[in-house]
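Dumping the structure here so I can ask a few things about it.
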Amino acid sequence: MQLHWLELTEASELLRKKEITPTDLLSALLKRIEETDRKVRAYVTVTEEYAYRRIEEIEQSDSSGILWGLPIAVKDNICTKGIKTTCSSKILEGFIPPYESTATERMLREGYVLVGKTNLDEFAMGSSTENSGFFVTSNPWNLDRVPGGSSGGSAAAVASGMALAAIGSDTGGSIRQPAAFCGVVGLKPTYGRVSRFGLVAFASSLDQIGPITRSVRDAALLMNVISGHDPHDSTSAAVEVPDFTETIKRSIKGLKIGVPREYFVEGLNPEVEGAVREAIKVLQGLGAEAVDISLPHTSYAVATYYILATSEASSNLARYDGVKYGFRAKGSSLIDMYMETRAQGFGQEVKRRIMLGTYALSAGYYEAYYRKAQQVRTLIKMDFERAFEDVDIIVTPTTPTPAFSIGEKISDPLQMYLNDIFTISVNLAGVPAISVPCGFSSEGLPIGLQIIGRHFDEETVLRAAYNYEQQTEWHKRRPPL
Ligand code: GLN
């Protein structure tokens, strides 16, 4: 048995029956990482020593935790106490958080073992992981392709058997798009479902932490752990958390599925369209009913997002001045030190975003850009509210194309931003959405199906995804590494 390919649920079962130990699992993963990560480069830090110590600790404690003994990776913009957290930025190089994020704190309480921190586009700004300040991660299905981003390291690690699961963050698609590109499952929860405490802020009104896994059941399991109200995050919601691992099993007979016409337009790769249309048939075969719907403001989503996300980023990133965190450059005066630190510490894309956001917020332009974008955001949110009066879920492709080549879009930011076209509205509206594998291109690259739900209705999203997954084998394919 190849332990590194186990699902969380399967590994947990074997641990409980004492057929394997947490050390067996961890050693198998570390071996896999040693063989594979030279090619894929998913990890910024592998926490080998820490993980062995952690196992000693959990072996003394209660073994009934939901994640007891399970090696899981964490995106490197989620704070882990005592373990460096870089956001793949030079400006945070060497930063060791003095506190733990709420999401990982909850995972610790359930006995998980951190196996490492994964690569991302610097401060989660990007769709390919090429904006990492350290190195580019490769897609496990084809090393010349991007794994997507910004949670590219997390998705690549899960897809290549270097972690049983991972958590990532999603501001405009950063969990779902890499999940689609790497052939794994990725869920962006409803805004407010999972605490953002300890997630390094990019665009605070959009950011959410969520699971990246090899099965829907595993995503449900992780959601059970990380969801729920947290007094440390005033935007986290006091909404009851169902047992998602149970609710996924219910049938989807009679479920109404909206198929938005604005998502099946020119520019959509025909193989992606074909796979998604097939997936809709599978759902219909399970008793769901498909209806054509319209989300009329879809075409404004990319522009709206790139004004709001950059505006929030320009404010959030003001704190990196060489005084409080990580890297500090030399300067002849205090102001000079601030400027040098930011000039040397931030990469090109991050600087571009700070400038765009500062511009959109500046006097004289605020009304034309930031305020207008907020108004359009409301219209986009209302599109979804109206649609969900008639349907229970909405299905779309996760991305317009399969994974593109490394280098293909990096010199053309607009092309890169346009890749987010199907994921971004979901963040603007705050609704939950999952990406599940639904096929492969003729070049052997994975294709993702996106299922979107009502606010706080992850239950239906996961249930539809699970029912679909039970009918298909796509999620069982492994990359030929
Ligand atoms: N690709 C989008 C961006 O560059 C989304 C990133 C994300 O979700 N963190 O902003």
Side-chain angles (χ1 to χ4, degrees), residues 74-78 87-89 118-133 137 146-155 166-182 186-189 191 194 196 199-212 301-317 346-357 360 373 377 398-401 403-404 408-410 412-435 448 450:
V74 172
K75 185 176 182 180
D76 210 19
N77 63 348
I78 297 172
C87 291
S88 289
S89 179
T118 50
N119 198 22
L120 63 149
D121 288 293
E122 186 176 1
F123 284 104
M125 297 175 188
S127 315
S128 67
T129 319
E130 291 165 293
N131 295 334
S132 166
T137 299
V146 302
S150 64
S151 312
S154 288
I167 57 169
S169 67
D170 190 314
T171 305
S174 276
I175 288 175
R176 290 159 289 152
Q177 185 255 21
F181 279 9
C182 292
L187 173 72
K188 186 209 80 89
Y191 185 79
V194 178
R196 291 181 297 109
L199 166 64
V200 177
F202 161 13
S204 312
S205 79
L206 301 159
D207 300 339
Q208 267 296 286
I209 292 177
I212 298 180
V302 172
T304 304
Y305 170 87
Y306 277 95
I307 289 172
L308 296 178
T310 56
S311 297
E312 294 185 29
S314 72
S315 161
N316 274 327
L317 271 60
F346 288 135
Q348 236 193 352
E349 181 63 22
V350 173
K351 286 179 191 163
R352 179 182 294 123
R353 306 259 180 139
I354 292 172
M355 286 190 284
L356 283 171
R377 179 178 188 172
T398 308
T399 58
T401 64
F404 47 89
E408 190 179 325
K409 295 182 198 280
I410 194 69
D412 187 348
L414 193 58
Q415 281 309 312
M416 190 69 92
Y417 298 172
L418 281 170
N419 188 260
D420 302 333
I421 188 147
F422 297 151
T423 47
I424 264 173
S425 299
V426 161
N427 301 75
L428 291 168
V431 290
I434 198 168
S435 179
Q450 178 171 241

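In listed order, ligands and their atoms are each counted from 1.
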Minimum-distance protein heavy atom relative to atom 9 (N) of ligand 1: Ser174 OG, 2.6 Å
Candidate pair Ser127 and Asp420, rule side-chain hydrogen bond (donor to acceptor under 3.5 Å, both in side chains), full reasoning: CA-CA 7 Å; Ser127 315; Asp420 302 333; 2.9 Å; yes
So Asn119 and Ser88, side-chain hydrogen bond (donor to acceptor under 3.5 Å, both in side chains) or not? Walk me through it. CA-CA 6 Å; Asn119 198 22; Ser88 289; 2.7 Å; yes
I'd like to know whether Glu122 forms a side-chain hydrogen bond (donor to acceptor under 3.5 Å, both in side chains) with Ser89, so could you lay out the CA-CA distance, the side-chain angles of the two residues, the decisive distance to 0.1 Å, and finally the verdict. CA-CA 5 Å; Glu122 186 176 1; Ser89 179; 2.6 Å; yes
Contact between Gly126 and ligand 1, counting heavy atoms under 4.0 Å? yes
Does the side-chain hydrogen bond (donor to acceptor under 3.5 Å, both in side chains) test come out yes or no for Lys75 and Ser151, once each step is laid out? CA-CA 7 Å; Lys75 185 176 182 180; Ser151 312; 2.9 Å; yes
So is Gln177 touching ligand 1 or not, going by heavy atoms under 4.0 Å?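 Outside the 4.0 Å threshold, so no.
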Could you tell me whether Phe202 approaches ligand 1 through its side chain, its backbone, both or neither, with non-hydrogen atoms closer than 4.0 Å? side chain
Which protein non-hydrogen atom lies closest to atom 2 (C) of ligand 1, naming both residue and atom, and how far is it? Asp420 OD2, 3.2 Å
Just jot down the ligand 1 atoms closer than 4.0 angstrom to any heavy atom of Ser150, in number order.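 This gives 9 (N) as the contact atoms.
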Would you say Tyr306 touches ligand 1, if touching means a heavy atom closer than 4.0 Å?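 Yes, that is the case, since the closest heavy atom of the residue is under 4.0 Å from the ligand.
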If the test is side-chain contact (heavy atoms from CB on, under 4.5 Å), which one of Asp170, Ile175, Thr398 qualifies with Thr423?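 Going through the options one by one, the only one that passes is Thr398.
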Quick one: does Phe346's side chain get under 4.5 Å of Arg352's, heavy atoms only?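 Counting from C-beta outward, Phe346 and Arg352 never come under 4.5 Å.
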of all protein heavy atoms, closest to atom 5 (C) of ligand 1 is Tyr305 OH, 3.3 Å
So, applying side-chain contact (heavy atoms from CB on, under 4.5 Å) with Phe123, which one of Thr171, Ile354, Leu317 is it?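 With Phe123 as partner, side-chain contact (heavy atoms from CB on, under 4.5 Å) holds for just one option, Leu317.
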Looking only at non-hydrogen atoms, find the nearest pair between Glu312 and Ser205 and report the distance.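 What the structure gives for the nearest pair is OE2-OG, 2.6 Å.
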If you measure every N or O of Gly172 against every N or O of ligand 1, does any of those distances drop under 3.5 Å? yes
Is it the case that ligand 1 has an N or O less than 3.5 angstrom from some N or O of Arg353? yes
Nitrogen or oxygen atoms of Ala124 and ligand 1 under 3.5 Å apart: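 In this structure, Ala124 places an N or O atom under 3.5 Å from an N or O of ligand 1.
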